[in-house]
Undergrad: 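Sending over a structure as structure tokens; questions will come in a sec.
To find a chain, count down the sequence lines: A is the first, B the second, and so on, and within it residues start at 1. Quick caveat: nothing in here was measured; it's all calculated off a predicted structure.
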Amino acid sequence: MSCHILAGIDFSAPSPQVARRLIGVTLLVNGVGGRIVEVEAYDREDPASHSFSGQTARNFAMFGPPGHAYVYLSHGIHWCLNLVCREEGHGAGVLIRALEPLAGLEQMAARRGLAEARLLCSGPGRLGQALGVTRELNAMALDAAPFELLPRKGRVQVAVGPRIGISKAVEVPWRFGLAGSPYLSRPFR
DNA sequence: CCAACGATGGGCT
DNA sequence: GCCCATCGTTGGA
């Protein structure tokens, strides 16, 4: 059986499909985390994707096997977490943009320097800081410590829209979110 | 070698 | 809404 299946999701599928199915899934790093409420898909033939220009020293994890992490530093400050999908060598992933904090609230608050739940994980950089994401997690498998992915229970209503903070392919509707969640980095139109 | 540029967030106007 | 910290990566000279 394929180790590409995690939390009931086939990570060898196209990134928009994986992204949509990740809404409602619980993500933990060393027991700290919560329910995924916002993600964005990126793919190889996608000008906004880090993988667009081919494999480099930074993005090699994106070309590795699905079901692994791709971590990068944004603006020299923020560590951001992606989950790799498609087949090995393809170069696709899903950026985790926001969580509803559920586990390890105290540790998140300490790392973030504030306690307001709404501000702990509402954005890729905030989430990275709250969960203690760093370069060390790059290329690590998601089916083993420190990661945990727990299937969602029940149904969710998924909102769709264009991705945030990019300058190319700005109209591609590959941002997905839990409709109406107060933990989104920004509301959907 | 080196300049330009971020898949951002926080603070201030 | 605007500004900018901060630094690794990239791509062109």
Undergrad: Testing the basics here: between A/Asn59 and A/Gly54, what is the closest heavy-atom pair and its distance to 0.1 Å?
TA: ND2-O, 3.0 Å
Undergrad: For the residue pair A/Met140 and A/Pro146, what are the closest heavy atoms and their distance?
TA: CE-CD, 3.5 Å
Undergrad: Rounded to whole angstroms, how far apart are CZ on A/Phe60 and P on C/dG8?
TA: 16 Å
Undergrad: Where is the tightest heavy-atom contact between A/Ile23 and A/Val156, given as atom of each residue plus distance?
TA: O-CG2, 3.8 Å
Undergrad: Please determine, for the side chain of A/Ser167, which listed nucleotide (B/dT8, C/dT10, B/dG6) has the closest atom?
TA: B/dG6
Undergrad: Give the rounded distance in Å between these two atoms: CG of A/Asn82 and C1' of B/dA7.
TA: 8 Å
Undergrad: If you find the nucleotide of DNA chain C closest to A/Asn59 and the one closest to A/His75, which residue's nucleotide is nearer the 5' end?
TA: A/His75
Undergrad: Could you identify the nucleotide paired to C/dT6, looking across every strand shown and requiring Watson-Crick or G-U wobble geometry with both distances under 3.5 Å?
TA: none
Undergrad: Could you give the CG-to-C1' distance, from A/Leu127 to B/dA7, as a whole number of Å?
TA: 13 Å
Undergrad: Between B/dT8 and A/Arg97, is there an OP1 or OP2 to side-chain N/O distance shorter than 4.0 Å?
TA: yes
Undergrad: Now, which nucleotide makes the Watson-Crick or G-U wobble pair with B/dA7, with each of the two distances under 3.5 Å?
TA: none
Undergrad: If only side-chain N and O atoms of A/Ser49 are considered, is one of them under 4.0 Å from the OP1 or OP2 phosphate oxygen of B/dA7?
TA: no
Undergrad: Whole Å only: how far is the CG atom of A/Leu120 from the P atom of B/dT8?
TA: 19 Å
Undergrad: Under 4.5 Å between any side-chain heavy atoms of A/Asn82 and A/Met62, yes or no?
TA: no
Undergrad: Counting any heavy atom closer than 4.0 Å, what does A/Ser185 reach on the DNA or RNA strands: base, sugar-phosphate only, or nothing?
TA: nothing
Undergrad: Is any side-chain nitrogen or oxygen of A/Arg135 closer than 4.0 Å to OP1 or OP2 of C/dG8?
TA: no
Undergrad: Tell me whether the side-chain N/O atoms of A/His50 come closer than 4.0 Å to OP1 or OP2 in B/dA7.
TA: yes
Undergrad: With respect to the side chain of A/Ile77, which nucleotide from C/dT6, C/dG11, B/dG6 is positioned closest?
TA: C/dT6
Undergrad: Rounding to a whole Å, what distance do you find between A/His78:NE2 and C/dG8:P?
TA: 14 Å
Undergrad: Counting heavy atoms from C-beta on, name the nucleotide in C/dG8, B/dG9, B/dA7 closest to the side chain of A/Arg126.
TA: B/dG9
Undergrad: Ignoring backbone atoms, establish whether A/Arg112 has a side-chain N or O less than 4.0 Å from OP1 or OP2 of B/dG10.
TA: yes
Undergrad: Checking all strands, does A/Leu73 fall into the base, sugar-phosphate, or nothing category for heavy-atom contacts under 4.0 angstrom?
TA: sugar-phosphate
Undergrad: Does a side chain donor of either A/Gln129 or A/Arg112 reach within less than 3.5 Å of an acceptor in the other side chain?
TA: yes
Undergrad: Nearest nucleotide by nearest heavy atom, which residue falls closer to the 5' end of DNA chain B, A/Lys168 or A/Pro124?
TA: A/Lys168
Undergrad: Within the 4.0 Å heavy-atom criterion, would you say A/Ile166 contacts the bases, only the backbone, or no part of the nucleic acid?
TA: sugar-phosphate
Undergrad: Within this structure, what is the CZ-to-C1' distance between A/Arg186 and B/dG10, rounded to whole angstrom?
TA: 16 Å
Undergrad: Output yes if the stacking criterion (under 5.5 Å between centres, under 30° between planes) is met for A/Tyr72 over the base of B/dA7, else no.
TA: no
Undergrad: Which is true for A/Arg58 with a 4.0 Å heavy-atom rule: it touches a base, it touches only sugar-phosphate, or it touches nothing?
TA: sugar-phosphate
Undergrad: Measure from CE on A/Met62 to P on B/dA7 and round the result to the nearest Å.
TA: 11 Å
Undergrad: Without decimals, in angstroms, what is the distance between A/Phe52 CZ and C/dG11 P?
TA: 11 Å
Undergrad: Please name the pair of heavy atoms, one in A/Cys80 and one in A/Ser74, separated by the smallest distance, quoted to 0.1 Å.
TA: SG-CB, 3.9 Å
